[in-house]
Amino acid sequence: MQVKTLLDDVTVVGAGQPHTLHPDESNRGLVVSIGGIAGAVAAVVQYQVSNDNGKNWATRLEFSALSGTSTLTEAVTDSDTDPNGPFPLVRGRVI
């Protein structure tokens, strides 16, 4: 198993850098966590894929239930899987 970070310390809306994945890495588990210093936090995070070298992107999964009250020691977390997702390029996007 290999761990790849698609987004890290994001504070603005937008897409992260594309990552190339080998076809053997087609069963993918995703974990999304958001947090802040104190107070309410909320975000919508998309897992996007491309099969045309990044010309076009499609949203494969969307994490829209990410909200709550957070501190540095607590985070709002969700997870999902993308079974048999053969797409060679992936990225995370905060909307």
Side-chain angles (χ1 to χ4, degrees):
M1 178 177 87
Q2 234 181 15
V3 175
K4 296 189 190 265
T5 301
L6 299 184
L7 298 170
D8 191 25
D9 293 332
V10 175
T11 59
V12 296
V13 172
Q17 293 297 315
H19 293 267
T20 303
L21 298 179
H22 190 274
D24 291 342
E25 301 172 310
S26 64
N27 289 315
R28 302 167 187 163
L30 298 117
V31 176
V32 177
S33 294
I34 64 168
I37 295 172
V41 294
V44 174
V45 178
Q46 294 177 330
Y47 169 68
Q48 295 185 324
V49 297
S50 175
N51 63 358
D52 62 1
N53 293 318
K55 182 178 178 183
N56 296 290
W57 292 92
T59 299
R60 185 93 164 150
L61 296 170
E62 184 171 284
F63 299 89
S64 58
L66 298 169
S67 65
T69 302
S70 180
T71 65
L72 283 174
T73 58
E74 296 178 23
V76 179
T77 302
D78 197 2
S79 64
D80 206 342
T81 58
D82 183 14
N84 300 314
F87 302 95
L89 280 180
V90 300
R91 71 180 184 186
R93 181 171 182 245
V94 176
I95 60 171

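If you're wondering where the values come from, they're calculated on a predicted model, not measured in any experiment.
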From CG (Leu30) to CG (Asp80), nearest 0.5 Å
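It comes to 7.5 Å.
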Rounded to the nearest 0.5 Å, how far does CD1 of Ile34 lie from CZ of Phe63?
12.0 Å
Is any side-chain heavy atom of Thr20 closer than 4.5 Å to a side-chain heavy atom of Leu89?
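Sidechains of Leu89 and Thr20: in contact.
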Report the residues that fulfil side-chain hydrogen bond (donor to acceptor under 3.5 Å, both in side chains) with [X], sequence neighbours left out, ordered by chain and then residue number.
| X | value |
| --- | --- |
| Ser64 | none |
| Thr81 | none |
| Thr77 | Ser33 |

Given 3.5 Å as the limit, does a donor-acceptor pair link the side chain of Thr59 with the main chain of Gln48, or not?
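No, the answer is negative, given that no donor and acceptor are paired below the 3.5 Å cut-off.
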How does the hydrophobic cluster around Val31 look, that is, which other residues are in it when side-chain heavy atoms under 4.5 Å mark a link?
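When side chains under 4.5 Å apart are linked, Val31 ends up in no cluster with other residues.
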Could you list the cluster mates of Ile95? Members are the ILVMFWY residues connected by side-chain heavy atoms closer than 4.5 Å, either directly or through other members.
Val44
Just to verify, what does [X] make a side-chain contact (heavy atoms from CB on, under 4.5 Å) with, not counting sequence neighbours?
| X | value |
| --- | --- |
| Ala15 | Arg91, Arg93 |
| Asp8 | Thr5 |
| Val90 | Leu6, His19, Leu21, Arg28, Tyr47, Val49 |
| Pro88 | Asn51 |

Nearest heavy-atom pair of Val12 and Val10: which atoms, and what distance?
O-CG1, 3.1 Å
Shortest non-hydrogen contact from Ser50 toward Phe87
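Minimum heavy-atom separation between Ser50 and Phe87: O-CB, 4.0 Å.
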Taking a hydrophobic cluster as the set of Ile, Leu, Val, Met, Phe, Trp and Tyr residues connected by side-chain heavy atoms closer than 4.5 Å, whether directly or through intermediates, do Leu7 and Val76 fall within one such cluster?
yes
